[in-house]
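Reading through the structure tokens given below for one structure.
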Amino acid sequence: MFKINENYLKLPGSYLFSRIAGKVNAFQKENPEKSIIRLGIGDVTQPLAPAIISSLHAAVDEMADAKTFRGYAPDLGYEFLRNAIAKNDYAGRGCEIAADEIFVSDGAKCDSGNIQEIFSTDNKIAVCDPVYPVYVDTNVMAGRTGTYDPSAETWSDVIYMPCTDANDFAPELPGETPDIIYLCFPNNPTGSAITKAQLQEWVDYANKVGAVIIYDAAYEAYISEADVPHSIYECAGARTCAIELRSFSKNAGFTGVRLGFTVVPKDLKCGDISLHALWARRHGTKYNGAPYMIQRAGEAVYSPEGKEQLKKQVAYYMNNANVIYEGLKSAGYSVSGGVNAPYIWLKTPGSMTSWEFFDFLLERAGVVGTPGSGFGPSGEGYFRLTAFGSYENTVAAIKRIKTL
Ligand SMILES: *Cc1c(COP(=O)(O)O)cnc(C)c1O
């Protein structure tokens, strides 16, 4: 009789967003006349920019012609895209990253889950709390997290780094030494950012203790403040301790198109073993490359027209963020985020728990957000709203919340 991976049985309850969807569907069924505005899930709503659409069309037509048809893409990505990334995202920001250190993929969620495979299950992970749930759950699947405490909603072998208003939502260096440190800035869910000087402290720490930082920069396009780094490689020494995850989902609306990349510098080593070689091996063995058409669409993100159009798209969402931030603030809420990220993080009013406020907001205002406690114990008493809705819905939602 076959046996299953027992680590999968350790995963607690239902996935956060399934639980939210269940509650919203039940409410809508009981109240079919009520209009519901969804500012919960971190998914974009604006259509793809024209530069991307025309690039997609052209690439599809190439596939119809025997002379320009393409089969399997190179495992690690087409040169044209890797060069565009190296030039724009790295050289353009003063970072020393070569095109062959960039591994193109179908998105940062997969990469953030898969990258842990190249590390021993004995490694200890440190995560921010609250956290993007994928980091922890994929380590649970790998058997790296110990036992689950359902009352505290924590894992025995995970180092949690609380991010609350007490530390301005920036983690402090952990007391216990981790092997793998997950950092995501600008942050999902809190919307917070850290300065280059703050990130430099993490890089110096990781190099000192021999840890690796997995840096998720999925929201770098939303950065508006000058001292906030767009890449961890802006920090000196990051080439020997950091892996960076990037995505086209939030900067270019590719959530349904699927494209991302991971940077593993050749200087990142464990003894004399290159992590770059291990990840190349893993990628080549388990992945057959992002589609040609999609990589061409990704290339268009870096064209002059693409850049211009996407700047407007990001500005559209950040205007929503401002509407939410200012609206809630004037209604007396304690709010943060929304400046370098499309997420607003608010304190639940009174002594309401995150889920109590979720129900309150859904039932009284027909607005769906995400309970902070779903992202980790330090998220309790907080709530996330996203700026990814339409402007009209965002304005309407805030108007409803203000009348509560
Ligand atoms: C949205 C998001 C991503 C992007 O994931 P994709 O798989 O590329 O769509 C990565 N990290 C975080 C923290 C995110 O919120």
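Remember, it's 1-based here, ligands and their atoms both numbered in the order they're listed. Note that the numbering runs from 1 along the sequence shown for the chain.
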A quick test of your reading: do over 12 heavy atoms of other residues, nucleotides or ligands sit less than 6.0 Å from CD of E96? no
Do the ring centers of Y382 and F169 come within less than 6.0 Å of each other? yes
NZ/NE/NH1/NH2 to OD/OE distance under 4.0 Å, R296 and E299: yes
Sorted by chain and residue number, the residues with a non-hydrogen atom under 4.0 Å of ligand 1 are G107, A108, K109, Y132, Y135, C184, N188, D216, A218, Y219, S247, S249, K250, R258
Scan for ring pair (Phe, Tyr, Trp, His ring centres under 6.0 Å) pairs involving residues 202-233, sequence neighbours excluded, and state none if there are none. Y219-Y343
List the atom of K347, the atom of Y333, and the distance in Å for their closest heavy-atom pair. O-CD2, 4.0 Å
How far apart are the C-alpha atoms of E356 and T348, what are their side-chain angles, what is the distance that settles it, and do they pass the side chain to side chain donor-acceptor pair (under 3.5 Å) test? CA-CA 9 Å; E356 281 166 358; T348 57; over 6 Å; no
